[in-house]
Structure formats: C-alpha cells, structure tokens
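These notes are about the structure you will find just below.
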Amino acid sequence: MSFVSFEYILLLLACVIMFYVLPKKVRFISVFIGNIVFCYSFGFTNFVIVYGSILITYLAAVVLSKIIKYRKSLCLIYVAIMIFMLFNFKYQIFGVGIVPMAISFYTLTCIGYVIDVYRGKYKAEINVFKLAAVFNFFPIMVQGPICRYDEVSSDFVKVKFDFEKFTSGVKRIVYGVFKKLVIAERLGIAFENLSKMNDDGTAIFLNIFVYALYLFTDFSAGIDIAIGSGKLFGIKLPENFNKPFFATSISDYWRRWHMSLGLWLRDYVFYPVSFSKVVVSANKVIRGKFGNAAARKFPVYIATVVVWFVTGIWHGATANFILWGMLNCVVVIISLELAPLYKKFNKRFKFTEGRVYGVFRCVRTFMLMGVLRMLDYNTVGGYFKSLWLMISDFHISKIFDMSLGIATADVVLVLVCMFSLFVISLIKKDRKRGIIASYAMIAIMIFATVIFGMYGIGYEGKEFIYIKY
Amino acid sequence: MRTLMDILDEMDLYEENIDKMDLVEEGILDSYSLVALVGEINAEYKITIPLWEITPDNFRTIESIETLINKQKEK
C-alpha cells in the first residue's frame with residue numbers, strides 16, 4: 001500500500017472513525033487493526049518479520065524489568081539479535097526475498113525502548129497490543145520518524161477529540177501530499193534525467209541542487225503525512241526537520257536534518273561510546289600524559305568516528321555510504337578543531353554578525369552538503385570522476401539549455417512552489433491564524449494538488465526515497 | 001580543585017552572565033561540548049554522571065549542572 005494513495009486515505013479514515021467510536025479503554029484496537037492491515041499489505045513474510053521483532057522486543061523489556069541478575073547480558077543479547085535481523089533482512093545475508101518495510105526505522109525505535117527500560121527510564125509495557133499499536137503505528141512504518149516510547153505512547157484513553165488539533169493534522173497531511181505530488185515527483189524526473197548525463201560537468205553540478213531539493217521535499221513530505229496522521233489519533237510524533245537549508249555548518253545541518261535519527265544516535269551511540277569503560281580508561285592515561293585539553297577531545301573524536309561509521313552503514317552497507325559517513329566525520333572534526341579560530345575571527349570582524357555573512361554560511365553549507373550527498377547516487381569511483389568533471393567541464397552558459405525531462409512550465413511551477421515553501425518556513429508555526437485563513441490554505445493546497453499533482457491512471461509515482469534506507 | 005566556572009573558562013565556554021543563561025538554547029553547550037564537560041566534571045569531582053542523567057534539562061543552566069554534581073557527590 002503506497003503512502004500517497006486512496007487506499008491509505010481510506011484506511012486512515014476507517015481507523016480514525018473507529019478510534020473515536022470505540023469505548024475509550026479499547027481504542028488502541030483501531031490503531032492495532034490499522035497497523036495489521038497496512039503491514040499485511042506488504043506481504044505475509046513482511047508481517048511475520050515485523051511482528052516477530054515486536055514480540056522479541058516486548059519479551060526482552062518485560063524480562064528485563066523482572067530480573068536483577070544478568071540484565072546487562074540480556075540487553076546486549078537483545079541488541080545483537082535486533083542488529084543481526086536488521087543486517088540480515090536489509091542486506092539479504094540469509095535472504096527471504098524481501099526487505100521488510102521500514103526495518104531501519106522501527107528496529108532503532110525498538111532498541112531505544114529496551115535500552116530505556118534497562119536504564120530504568122520507564123517501566124516495560126505489559127500490554128503487547130498497546131506496544132504493537134505504538135511501535136508499528138502505520139504512518140511511521142514507511143520512513144519514520146524514529147520514536148521514543150515514552151514520547152509517543154500517548155494514553156489513548158485520555159485523548160479527546162480536539163477539532164483544532166484534528167484540523168491541523170489534516171492540514172499537515174494535505175501539505176505533505178502537495179509537496180510529494182506537485183514538487184518531489186517533478187524533481188524526481190529531473191534528477192533521474194540529469195543522473196543519466198554523468199559525463200557532463202554542468203549536469204552534475206546542476207544535479208546537486210535538484211537532488212538536494214528532491215530529497216528534502218520527498219522525505220519531509222512523508223514525515224508531514226506521518227505527523228499529520230498521528231495528530232488525528234492524538235499521537236504527537238517527533239519533528240524530523242528544522243529548516244535544514246538554513247544551517248550554517250555541517251554540524252548545524254545534522255541538528256536540523258533527520259533529527260529523530262540524530263537524537264537516537266546521540267543518546268544510544270554517541271554518549272555510550274564517549275563514556276564507555278574502554279574510552280574512559282584510555283582517557284585517564286591521555287589526561288595524565290597530554291593534559292586536560294587532549295582528554296576533552298579524545299572521547300568526542302572517538303565517538304564521532306563511531307557515530308558516522310554507524311550512520312554511513314545505516315544508509316547502506318556499501319563503500320559509497322561508508323565513505324559518505326567518514327567524509328562527514330572528517331568535516332565535523334575539522335570544524336571542531338577550528339572552532340576556537342572561528343570564535344576569534346567572529347569577534348575580530350564585525351561583518352560576521354551581518355545578514356550577508358549569514359547567507360554566505362548557509363550557501364557554503366548547502367554546497368558542501370550537496371557535494372557530500374553526491375555519494376548517495378554514485379559509486380566511489382563515479383563520485384571522484386564526477387568531482388573532477390565538475391571542475392574541468394563546467395560551463396555556466398549550458399545550465400539554461402540543460403534537458404531536465406520536464407517542461408519549462410513544470411520548472412517554473414517547481415520554482416514557484418519552492419519559493420512558497422521558503423515563505424511558509426519563515427512563518428512562525430505557533431502563530432494563531434483565523435479559521436478562514438486555515439481552511440483557505442487547505443483548500444488552495446488541495447486544489448493545487450488536484451490540478452498540478454502527478455498521479456492518475458497510467459502514471460507510476462516514485463516511491464519515497466528513504467524507503468530504501 | 002577547579003570550580004565549574006574554571007572548567008567552563010578552560011573550555012573557552014565561559015561568557016559574561018553565564019549563570020543566567022540557558023546554555024542549550026544559547027548554543028553554548030552542544031553534544032560535543034557536553035561530552036567534554038561531563039568528562040571534566042567526572043575527572044575533577046571523582047564522580048560518574050550516569051548516561052541517563054546526560055539530558056539537555058540537566059545541563060540547561062549552571063544551577064542545574066551544580067545540582068546534578070551535588071546529587072552525584074552524595075551517592
């Protein structure tokens with residue numbers, strides 16, 4: 001079942017109606033049924049793997065909360081099993097022919113939950129159906145966001161029908177569908193077309209921009225639909241983006257892009273590695289021999305390398321993604337090393353406080369990130385060849401003659417829509433708008449999606465990019 | 001023994017009126033500087049701040065950090 005389809009809308013509607021009609025105590029059943037239907041639509045094998053993972057997670061957490069001895073060993077065995085399952089099914093080591101839906105996302109959600117129970121952050125859920133209702137909540141079973149159980153396990157009993165929240169959920173879904181069908185689908189065609197011209201430096205350069213916008217509109221559209229769907233059930237899913245193109249450095253970019261993954265890695269990889277017994281012991285020696293400054297850097301750098309290796313391999317167990325992770329790591333470590341110098345520079349030169357310099361930093365980060373992102377769609381060899389062609393074969397005059405595979409009107413439409421997104425991103429989210437303005441916005445977006453959206457009989461829409469991760 | 005302010009100064013994080021600031025909101029502490037700071041605190045006060053206590057709320061203000069240190073000292 002596609003995320004942007006009539007089947008999905010029907011399923012969502014049916015579950016929402018059931019949710020508010022059922023007695024409050026058994027409301028979670030409507031979500032549970034929705035999850036089963038959605039999960040089963042991807043096949044029986046997918047269903048067994050997904051619910052098998054949930055069952056293992058449920059049992060591990062319950063046992064962890066009951067025993068006193070061997071808790072750490074049990075937690076480690078559980079994490080090892082889940083990571084093995086992730087790698088096995090994602091990379092088809094002992095293949096079953098399919099990659100289970102959203103396996104990279106829900107595996108991390110499950111692992112985080114069990115670690116939290118192990119740490120005593122909260123108690124294990126004893127109702128397996130409620131756990132499954134939250135962990136397999138069907139809107140997040142496409143491309144996340146990665147959730148924390150204590151944040152999303154809203155008490156279904158207490159959810160009251162709030163018209164304003166409900167409308168805001170609908171608006172968010174419509175916004176997501178608009179972004180996907182009107183903008184991302186067109187950018188997807190342009191990206192595929194430009195990718196074929198991999199011996200043309202100008203096309204490679206232009207594709208950096210097209211891919212950045214394509215990836216953002218596609219991924220954030222899916223997240224909008226998920227968050228909007230969650231709101232209909234009173235579930236507050238975490239935000240995944242905070243204006244990533246406004247980032248002024250690579251570290252800042254990663255605090256704004258795919259935030260749920262970043263925060264998960266921070267809490268379950270970065271901090272644990274930084275304060276692991278091995279690193280702490282080694283750091284004592286470093287502190288004694290090289291002083292406090294070196295001891296401050298050592299755990300940070302070790303954990304940064306581990307986090308970026310994990311991030312790379314999470315995206316794909318191929319050389320291009322591992323290189324992508326390591327290049328990000330190098331940039332982050334260099335910027336950490338240069339941070340004191342930047343601070344002095346910014347204090348010395350007042351122009352660094354101005355808007356022009358701010359824009360320069362955003363453009364610099366966008367370009368650097370774009371060059372790193374080329375590894376998403378290139379092999380390592382192809383990446384270096386593309387970098388060379390961008391330098392040796394770039395002709396600015398050719399940009400406007402470049403064939404994107406979409407009509408000029410489509411290009412204008414995408415540019416207008418991107419400008420609208422830019423304006424929308426500047427509007428404060430908490431600003432109260434009148435009911436008429438809210439409905440007008442929904443109506444305009446529905447109208448624009450119906451008129452300009454790329455869908456219909458014979459049109460094969462593109463899957464969400466992040467489904468492959 | 002170094003005070004918390006000494007450590008922050010040594011880390012080049014000290015700013016005027018830092019005791020009235022939201023260190024997370026102001027961008028003074030991010031996950032990188034937080035790891036470095038916790039390492040320094042653990043080494044200086046001979047304590048071990050548990051992983052689950054390393055949250056933005058516990059490091060939001062100088063006061064909350066001092067409360068956390070005192071809590072760990074008492075253990």
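Excluded from the calculations below are hydrogen atoms, water molecules and symmetry mates; all remaining heavy atoms, backbone and side chain alike, are included. Chain naming here is simple, since letters A, B, ... match the order of the sequence lines and numbering starts at 1 in each.
In this structure, the side-chain contact (heavy atoms from CB on, under 4.5 Å) partners of A:L74, at least two apart in sequence or on a different chain, are A:V63, A:L64, A:I67. Every side-chain contact (heavy atoms from CB on, under 4.5 Å) that A:F105 has, sequence neighbours left out, goes to A:A102, A:Q143, A:I146, A:H258, A:W314, A:Y466. When the side-chain hydrogen bond (donor to acceptor under 3.5 Å, both in side chains) test is applied to A:S260, the partners found at least two apart in sequence or on another chain are A:N240.
Surrounding CZ of A:F349 are more than 12 heavy atoms belonging to other residues, nucleotides or ligands, all under 6.0 Å away. In A:F290, the CZ atom is not crowded: 12 or fewer heavy atoms of neighbouring residues, nucleotides or ligands sit closer than 6.0 Å. In this structure, A:L76 places its CG atom where more than 12 heavy-atom neighbours from other residues, nucleotides or ligands lie under 6.0 Å away.
Looking only at side-chain heavy atoms (C-beta outward), A:F275 and B:I54 come within less than 4.5 Å of each other.
In this structure, no portion of A:V280 lies under 4.5 Å from any heavy atom of chain B.
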Candidate polar pairs, chain A side and chain B side, donor-acceptor under 3.5 Å:
residue: A:R287; atom: NH1; partner: B:E40; partner atom: OE2; Å: 2.7
residue: A:R287; atom: NH2; partner: B:E40; partner atom: OE2; Å: 3.0
residue: A:N292; atom: ND2; partner: B:E10; partner atom: OE2; Å: 3.3
residue: A:R296; atom: NH1; partner: B:E10; partner atom: OE2; Å: 3.2
residue: A:R296; atom: NH1; partner: B:E40; partner atom: OE1; Å: 3.2
residue: A:K343; atom: NZ; partner: B:D12; partner atom: O; Å: 2.6

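Heavy atoms only, all atoms of each residue included: A:V300 and B:A36 are closest at CG2-N, 4.2 Å.
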